[in-house]
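Below: one structure, written as structure tokens.
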Amino acid sequence: MPAPAPGRTVLDARDITRALTRISHEILERNKGASDLILLGLHTRGVPLAHRIADGIAAVEGVPVAVGELDVTMYRDDLRSQPTRRAHKTQLPSGGIDGKVVVLVDDVLFSGRTIRAALDAVSDLGRPAAVRLAVLVDRGHRELPIRADHVGKNLPSARSERVSVRLAETDDLDEVTIS
Amino acid sequence: MKHLLSIDDLSVDDIGAIFDTAAEMHDVQRRDVKKLPALRGRTIVNMFFEDSTRTRSSFEIAGKWLSADVINVSAKGSSASKGESLRDTVLTVCAMGVDGLVIRHPASGAAHQVSQWVDAVVVNAGDGTHEHPTQALLDAYTLQRRMGSLEGRHVVLVGDLTHSRVFRSNVLCLTKLGARVTVVAPPTLMPAGIDSWSRAVGFETSYDVDQVLPQADAVMMLRVQRERMSGAFFPTAREYTVGYGLTRNRLALLGPDVPICHPGPMNRGLEIAADAADAAQSVVLEQVSSGLAIRMSVLYHLLAGEEA
């Protein structure tokens, strides 16, 4: 059994499942179906979230949705002020992203800088018809004019607080805490 | 890690991190837009005091694909040819605000010496007969992609060991990654003192290529460096080929899946027959594309992070 995270639990496993189910429905509704849809999970925890949303969409529509992985390490604007980060895998569904509706999936939306980097990365990879953003938690404190299209939970937080997302795929349990 | 001067500077974890990033860089080579912004605003100077095609262009493309500004300085056409000392040339270039220096020099230890003089990150792109760390990294990376792990795999290096910096970096890198390494050369091209070095590092030596090749999981042919030879190291080129070249007959001693590496440039017909160089199991061109990925990775790890 994994050790409990410090702080207050704001989403438990059932809350996360419900939020992701709702996001799956919202994406389908906005896209008017699952055609030409690609979910791109941002490393690290965006990837399992993208897969779960894809499963949710498949359960409703009965068709599989393409899922890819996006690593934005090289596109970050803080590379020079941090120790070197290890790059992860970027993997697109076969056929690429040209002309597709790409939904970026991440766990927490905070300053918006990761999403800015992701938008740069996406534009290097192809030219999607549209790019949307789905996040499990939006904690505010944006530093760039970026907002999410689909939000699991809006979580007002102080800048000094720490929001931790743990997922079964990476951390052995589903939980969002704030401390 | 501030500089990359020798494979000895790297831990197994460092090499793993370089390989992981290189795998991502490899994917970039297949993209329409072969550009990442990671080194935007950084300036890298390639200083090549020896002729080179693949290493220099590989470092140049690697830097450019990472969005660094890259310029090339070669001995011919630079003030070095007017008699300027290495120290003055390097300090002059660095006074222009350079972040990284990639240096190739005919003197062993030149890169280490340069790293003492400058604040910029120094990458050794070959110093005399001492080391060529990025070549060893790209060789090990190429073999690892072909064979999975190098742990326990038998890699055989054949050729002019005395004059080879590639050999020195490679035995350090391959043994560090757990490979069993055997080096083969005629007695005249076996470096002095190799016995104690082989015991310290943990590799084997042999004079008999025909005996070793059938046990190889991978073979690496090394160039006969005639430009570094001041004396006669073997009677004739023909005799070297008969004794140590990877000829058509010796190719038959290798399994069909045993990768054949050569750091290039190849002396076809001398150390490697055209049949072997062009064989399906030859990974010579794969080494070149791996080299680009490895150099992108090395430049990223050395230059992207926190400023010193």
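Convention: sequence-line order gives letters A, B, ...; per-chain numbering from 1. FYI, side chains are in, hydrogens and waters are out, and symmetry mates aren't considered; it's all heavy atoms of this structure. Since this is a predicted model, take the numbers as computed values, not measurements.
Chain A forms more heavy-atom pairs under 4.5 Å with one residue of B:L36, B:T21, B:V28 than with any other, namely B:L36.
Taking non-hydrogen atoms and a 4.5 Å limit, the residue list of residues 96-132 of chain A in contact with chain B, ordered by number, reads A:D124, A:L125. Residues of residues 44-70 of chain A lying within less than 4.5 angstrom of chain B, judged on heavy atoms, are absent.
The CZ atom of A:R86 lies 9.5 Å from the OG atom of B:S297; values are rounded to the nearest 0.5 Å. Atom OG1 of A:T90 sits about 6.0 Å away from atom CZ of B:R31, to the nearest 0.5 Å. Atoms CE and NZ, from A:M74 and B:K35 in turn, are 14.5 Å apart once rounded to the nearest 0.5 Å. Between A:H88 atom NE2 and B:D20 atom CG the span is 9.0 Å, to the nearest 0.5 Å.
Under a cut-off of 6.0 angstrom, the local environment of CD in A:E29 is sparse, with at most 12 non-hydrogen atoms contributed by other residues, nucleotides or ligands. The 12-atom threshold is exceeded at CG of B:D9, counting heavy atoms of other residues, nucleotides or ligands nearer than 6.0 Å. Applying the 6.0 Å contact sphere to NE2 of B:H112 captures no more than 12 heavy atoms from other residues, nucleotides or ligands. Heavy-atom contacts from other residues, nucleotides or ligands closer than 6.0 Å to CZ of A:R22 number more than 12. Residue-environment remark: CZ (A:R142) exceeds the threshold of 12 foreign heavy atoms within 6.0 Å. A 6.0 Å sphere centred on CG of B:D32 holds no more than 12 heavy atoms belonging to other residues, nucleotides or ligands.
The two residues A:K89 and B:E24 have their closest heavy-atom pair at CA-OE1, 2.9 Å.
B:D27 has its side chain out of reach of A:Q91: every pair of non-hydrogen atoms, C-beta onward, lies at least 4.5 Å apart.
A:T84 contributes a side-chain N or O that, together with a main-chain N or O of B:H301, makes up a donor-acceptor pair within less than 3.5 Å.
Neither the backbone nor the side chain of A:R76 comes within contact range of chain B; no heavy atom of the residue lies under 4.5 Å from a heavy atom of that chain.
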